[in-house]
Amino acid sequence: MELYEGACELKLLQTLEGHTDRVWSLVWNPATGTAETPLVFASCSGDKTVRIWEQNPSPSSSSSSHSSWNCKAVLEDTHTRTVRSCSWSPSGKLLAVASFDATTSIWENVGGDFECVSTLEGHENEVKSVSWNASGTLLATCGRDKSVWIWEAQPGNEFECVSVLQGHSQDVKMVLWHPTLDVLFSCSYDNTVKVWADDDDDWQCVQTLGEPNNGHSSTVWALSFNKTGDKMVTCSDDLTLKIWEMDSTSMQSADGYAPWRHLCTITGYHDRTIFSVHWSSEGIIASGAADDAIRFFVEDKDGLVDGPSYKLLLKEEKAHGMDINSVQWSPGEKRLLASASDDGTIKIWELASLCTGNGY
Amino acid sequence: MEETEDMFESSLNLEEIHFKEGYAEGYGHGLDQGKEEGQQVGLKVGFEAGEELGFYRGCIIVWNSVIQVDPTRFSDRVQKMIKQMDELVAKYPVMDPENESIQEVMDGLRLKFRAVCATLNVKLEYIGYPKTAQDSEF
């Protein structure tokens, strides 16, 4: 079902206001967006709060794309500085929140109310990103102290530090677990992406994707995996997106770690820093950048002569009034995208196919 | 003619003679001062390393006592990390300051210490721990 081979248009469904400072990131609750559960996402901001937004169940399914969004909860009075990032556990019950105040808080959804059930302390200063692994047993955090921390969830919302990893030479911008494997990825101001895997509770850097391996030449801001987890996209201050592939054919190491290799570079489309990138389950890559625009890329099936390549599907100029810090595809059937910006707003978009039969 | 040359020789070489004299004197001074300074730096750095190692050793001894009193008090993982810290302190080449593993061992100790503290939820800090600059950024 390659709808995106035809023309597409991006429709703005709603602009959400509420945060009183720049919105740094947002994340969809992965357990929502089904017939019984309306879509939910969390957003976090320089105003030190997290807001939980929920889609109103629409009266008729035909007009569901026009259903409105409400702020269901505000998580406040816990962090004393900017909240930079958050992550839902796979079950959608817990929300981990990373703040510049050097702590990470864990919130539990108790019948619609959110309670702070745990606080993780350990980073020396600003925590920049947090991520749950696929099974919800491990949590990773990273920050300005150049370290990456791995925590294990214990019964009773206790968290035990499994490992403190030092390897990056600068500020670590983002951590993200592989969608199926317990392999952790981190990207940094030192221009590299590092891959961490464990060998009997002993976590080690197993690969560094840097400039010598066709990597980025400036800060790597974010990364995202495709649905199956055999490809990864990274975005950078060097104005490019890079696609990487897991080389599962060369299972050379004994522990079965498959190294990643550079597949192609999407260059020439961005002229300002790319802060966010997200790969949809359908294979559409969305990027959010400092030029206030959102761009969509898909694999170019015609250009296989020189290896895989990606083409621009659509560009939305002036999607926001200021830098776009985060773009995230929703779970569920609808092709919804949420974007968060320095302008303090969140926008909900729908990428719709133009199936008007106008002979495109 | 030869006598005239000899007569002027000492004055012609005056500059070089003084230069050599001055150099020898300066070299001697430098040698003495350098040794003195080196000794001071050595004392300072050695003291700092000893202080930090001692701090960790103290923590390890207290934690190990806790484990002896109540073996279930700390999780297996924390106990393992304390044991690893113990090994690292023992491994630190105190008498061999030029050993290349010095930094690696100290870094390993610091990381394990932070991990143990985070899990035990205690705020212990070695006062001399090198802090990163506190300027703001995003």
By a 4.5 Å heavy-atom criterion (distance strictly below it), what part of A:S147 contacts chain B: side chain, backbone, both, or neither? side chain
Quick one: does any side-chain atom of A:S163 pair with a main-chain N or O of A:I150 as donor and acceptor, under 3.5 Å? no
Would you say B:V89 and B:L109 make side-chain contact, with heavy atoms under 4.5 Å? yes
Anything under 30° is parallel, anything over 60° is perpendicular, the rest tilted; go ahead and classify A:F275 against A:W221. perpendicular
Between A:S25 and A:R84, what is the shortest heavy-atom contact and its length? OG-O, 3.6 Å
Taking heavy atoms only and a threshold strictly under 4.5 Å, list by residue number the residues of residues 74-81 of chain B that touch chain A; give 'none' if the list is empty. B:S75, B:R77, B:V78, B:K80, B:M81
With a 4.5 angstrom heavy-atom cut-off, is it the side chain or the backbone of A:Q154 that approaches chain B, or both, or neither? side chain
Taking only distance into account, with no hydrogens and no angle test, what donor-acceptor pairs under 3.5 Å do side-chain atoms of residues 31-44 of chain B form with protein atoms, sequence neighbours excluded?
from, atom 1, to, atom 2, distance (Å)
B:E36, OE2, B:Q40, NE2, 3.4
B:K44, NZ, B:E48, OE2, 3.3

Walk me through whether A:L95 and A:L75 qualify under side-chain contact (heavy atoms from CB on, under 4.5 Å). CA-CA 11 Å; A:L95 181 70; A:L75 282 46; 4.0 Å; yes
Over all heavy atoms of both residues, which pair between A:R51 and A:G18 is shortest? Give the atoms and the distance, please. NH2-O, 3.4 Å
